[in-house]
Chemist: 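One structure, pasted below without further comment.
Every value quoted in this text rests on a predicted model; they were computed, and no experiment measured them. Because only heavy atoms are used, hydrogens play no part in the values below, and waters and symmetry mates are left out as well, while side chains stay in.
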Amino acid sequence: MKLKLGILASGRGSNFFAILKSIESGEFDASIELLISDNKNANALKIAAENNIKNIYIPFDKHNRTKFELKSVKLLKKAKCDLIILAGFLHILSPYFINEFRNRILNIHPSLLPDFKGLNAQKQAIESGTKISGCTVHLVNEELDAGKIILQKKVPLFDTDTPDSLSERILIEEHKLYTEAIKLYWNQINTFNKDW
Ligand code: GRF
């Protein structure tokens with residue numbers, strides 16, 4: 001059965017676009033049922049609209065996540081999404097949301113977790129003096145960037161790197177890794193827990 005994805009994105013949407021392209025190319029048997037953004041100017045909303053993907057802007061109040069989360073959960077469930085894909089979603093989800101989709105929420109982070117959690121991971125990597133960083137696709141739980149790791153890809157650091165140059169190099173790998181990790185995880189879910 002075709003995998004149904006729901007995507008949460010706050011900005012540029014390049015990972016969302018990469019997933020969409022891998023579906024269109026036939027390399028990935030999935031469909032994007034819904035794109036939700038908390039930012040009405042997000043490029044991700046534009047990409048969704050241009051590609052006839054159902055999309056909605058829902059304002060996010062970081063002091064009161066309830067309204068955003070209740071509406072998102074309702075729509076994602078109505079769309080029967082199997083997995084929720086965080087693609088540059090800039091907020092921390094509450095235990096309520098995580099429980100509604102336990103082990104069904106994936107995120108991509110621009111470092112080799114558990115190193116450099118949180119914001120500005122690329123800058124953190126440069127400042128640490130490491131020669132290798134990368135990206136990680138992981139499950140989302142209540143702890144920031146600490147859910148089970150699904151796949152990682154290493155990316156070298158050069159002495160001349162700035163946060164921007166490193167981000168660009170990592171992003172190229174993110175665009176390949178995310179689809180690969182979603183596929184791998186979905187296959188594992190089917191194998192290990194058929195009743196999901
Ligand atoms: C990526 O670097 C991703 O690792 C991080 O946020 C960025 C999103 O980029 N979580 P985009 O919106 O997918 O272009």
Chemist: Tell me whether I92 at atom CD1 has more than 12 heavy atoms from other residues, nucleotides or ligands lying less than 6.0 Å away.
Modeler: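 It does not: I92 CD1 has 12 such atoms or fewer within range.
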Chemist: Quick check for you: to the nearest 0.5 Å, what is the distance between I172 atom CD1 and S14 atom OG?
Modeler: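 Between atom CD1 of I172 and atom OG of S14 there are 10.5 Å.
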Chemist: Considering non-hydrogen atoms only, spot the tightest contact between P110 and S133 and give its length.
Modeler: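 Scanning both residues, the minimum pair turns out to be O-OG, 4.3 Å.
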Chemist: Side chains of L5 and F28, heavy atoms from C-beta outward: is any pair under 4.5 Å?
Modeler: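 Contact flag for L5/F28 side chains = yes.
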Chemist: Under a 3.5 Å threshold, yes or no: a donor from one side chain and an acceptor from the other, between N39 and S10?
Modeler: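 Looking only at side-chain atoms, S10 and N39 do not form any donor-acceptor pair under 3.5 Å.
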Chemist: Within a strict 4.5 Å, meaning less than it, do heavy atoms of the D82 and R104 side chains meet?
Modeler: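 SC-SC contact between D82 and R104 confirmed.
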Chemist: Can you spot which of V137, L139, L151 makes a side-chain contact (heavy atoms from CB on, under 4.5 Å) with Y185?
Modeler: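 Of the listed residues V137, L139, L151, the side-chain contact (heavy atoms from CB on, under 4.5 Å) partner of Y185 is L139.
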Chemist: Within the 4.5 Å heavy-atom criterion, are D61 and N64 side-chain neighbours or not?
Modeler: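 When only atoms from C-beta onward are counted, N64 and D61 do touch, with a gap below 4.5 Å.
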Chemist: Hydrophobic clusters here meaning ILVMFWY residues chained together by side-chain heavy-atom distances under 4.5 Å, can you tell me if L8 and L45 are in one?
Modeler: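 In one cluster: no.
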Chemist: Of all heavy-atom pairs between N141 and I98, which one has the smallest distance, and what is that distance?
Modeler: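 For N141 and I98, the tightest heavy-atom pair comes out as O-CD1, 3.4 Å.
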Chemist: Side chains of I85 and Y178, heavy atoms from C-beta outward: is any pair under 4.5 Å?
Modeler: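 They are in side-chain contact.
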Chemist: Taking all heavy atoms of I150 and all of A181, pick out the closest pair and write down the distance.
Modeler: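 Where I150 meets A181 most closely, the heavy atoms are CG2-O, 3.7 Å.
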Chemist: Hey, what do you get for CG (L177) to CD (E180), rounding to the nearest 0.5 Å?
Modeler: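 Going from CG on L177 over to CD on E180, the span is 6.0 Å.
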Chemist: Looking only at side-chain N and O atoms, does T162 offer a donor or acceptor that is under 3.5 Å from a partner on D164?
Modeler: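 No, because no side-chain N or O of D164 sits under 3.5 Å from a partner of the opposite role on T162.
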Chemist: With a 4.0 Å cut-off on N to O distance, would you call E174 and R169 a salt bridge?
Modeler: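 R169 and E174: not salt-bridged.
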Chemist: Give, for atom NZ of K71 and atom CG of L76, the distance between the pair rounded to the nearest 0.5 Å.
Modeler: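 Separation between the atoms: 12.0 Å.
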Chemist: With heavy-atom distances below 4.5 Å as the criterion, would you say the side chains of L70 and K67 are in contact?
Modeler: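 With C-beta onward as the side chain, the pair stays apart.
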Chemist: Is the closest basic N to carboxylate O distance between D159 and K131 below 4.0 Å?
Modeler: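 Salt bridge between D159 and K131, a charged N being under 4.0 Å from a carboxylate O: yes.
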Chemist: Heavy-atom distance under 4.5 Å between the side chains of K176 and K153, does that happen here?
Modeler: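 No; the side chains remain at least 4.5 Å from each other.
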Chemist: With the 4.5 Å side-chain cut-off for hydrophobic clustering, are I23 and L83 part of the same group?
Modeler: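 In one cluster: yes.
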Chemist: Please, which pairs that meet ring pair (Phe, Tyr, Trp, His ring centres under 6.0 Å) have at least one residue in residues 103-144, sequence neighbours excluded?
Modeler: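 Not a single pair qualifies under ring pair (Phe, Tyr, Trp, His ring centres under 6.0 Å).
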Chemist: Identify the heavy atoms of G13 and A44 that sit nearest to each other, and give their distance.
Modeler: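 It is CA-CB, 4.0 Å.
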Chemist: May I ask whether F101 and L86 are part of the same hydrophobic cluster, defined by side-chain heavy atoms of I, L, V, M, F, W, Y residues being less than 4.5 angstrom apart, directly or through others?
Modeler: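 Yes; tracing contacts between hydrophobic side chains, which count when under 4.5 Å, links both residues.
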Chemist: Assess the side chains of D115 and S111: does a donor N or O sit below 3.5 Å from an acceptor N or O?
Modeler: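 Distance-only check fails for D115 and S111.
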Chemist: How many angstroms lie between atom CD1 of I182 and atom CD1 of I108, to the nearest 0.5 angstrom?
Modeler: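 Spacing of CD1 (I182) from CD1 (I108) equals 8.5 Å.
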Chemist: Are D29 and L3 close enough that some pair of their side-chain heavy atoms sits under 4.5 Å apart?
Modeler: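 Sidechains of L3 and D29: no contact.
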Chemist: Carefully, step by step, assess F89 and F68 under the rule ring-ring contact (aromatic ring centres under 6.0 Å, His included).
Modeler: CA-CA 13 Å; F89 182 67; F68 175 91; 5.7 Å; yes
Chemist: Backbone N or O of F158 within a donor-acceptor pair of the D161 side chain at under 3.5 Å?
Modeler: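 Checked: pair present.
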Chemist: What pairs with E168 under side-chain contact (heavy atoms from CB on, under 4.5 Å), at least two apart in sequence or on another chain?
Modeler: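 Applying side-chain contact (heavy atoms from CB on, under 4.5 Å) to E168 gives none.
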Chemist: Could you check whether atom NZ of K117 has more than 12 heavy atoms from other residues, nucleotides or ligands sitting under 6.0 Å from it?
Modeler: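 More than 12 heavy atoms, drawn from other residues, nucleotides or ligands, come within 6.0 Å of this atom.
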Chemist: Checking the side chain of N43 only, and the main-chain atoms of R12 only, is there a donor and an acceptor separated by less than 3.5 Å?
Modeler: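 Looks like yes, one N/O pair under 3.5 Å.
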Chemist: If you look only at pairs with a residue in residues 72-81, which of them pass as a side chain to side chain donor-acceptor pair (under 3.5 Å), with sequence neighbours excluded?
Modeler: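 Counting only pairs at least two positions apart or across chains, the side chain to side chain donor-acceptor pair (under 3.5 Å) contacts touching residues 72-81 are K77-E100.
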Chemist: Which heavy atom of I132 sits nearest to which heavy atom of L112, and what is that distance?
Modeler: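 Between these two residues, the closest heavy atoms are CG2-CD1, 4.0 Å.
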Chemist: Ignoring hydrogens, what is the shortest heavy-atom contact between A125 and L166? Give both atom names and the distance.
Modeler: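 In terms of heavy atoms, the two residues are closest at CB-CD2, 4.3 Å.
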Chemist: Under 6.0 Å from the NZ atom of K123, do we count more than 12 heavy atoms belonging to anything else shown?
Modeler: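 12 or below, so no.
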Chemist: Does the side chain of L75 come within less than 4.5 Å of I56's, by heavy atoms?
Modeler: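 Result yes, sub-4.5 Å side-chain heavy-atom pair found.
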Chemist: Hydrogens and angles aside, do E24 and S22 bring a side-chain donor and acceptor to less than 3.5 Å of each other?
Modeler: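 Checked: E24/S22 side chains show no N/O donor-acceptor pair below 3.5 Å.
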Chemist: Report yes or no: does K46 contribute a side-chain atom to a donor-acceptor pair with the main-chain N or O of N41 at less than 3.5 Å?
Modeler: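 The answer is no, because no donor-acceptor pair under 3.5 Å joins these two groups.
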Chemist: I'd like to know if the side chain of D38 reaches the main chain of I58, judged simply by a donor and an acceptor atom lying under 3.5 Å from each other, with no hydrogens or angles considered.
Modeler: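 Pair absent, no side-chain N/O of D38 close to backbone of I58.
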Chemist: Just how far is it from atom CD1 of I84 to atom CD1 of I105, taken to the nearest 0.5 Å?
Modeler: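 Here the interatomic distance stands at 6.5 Å.
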Chemist: Supply the atom-to-atom distance I53 CD1 to I7 CD1, rounded to the nearest 0.5 angstrom.
Modeler: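 CD1 of I7 is found 7.5 Å from CD1 of I53.
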Chemist: We want to know whether E69 and S94 form a side-chain donor-acceptor pair, criterion being a heavy-atom distance below 3.5 angstrom.
Modeler: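 Looking only at side-chain atoms, S94 and E69 do form a donor-acceptor pair, the distance falling under 3.5 Å.
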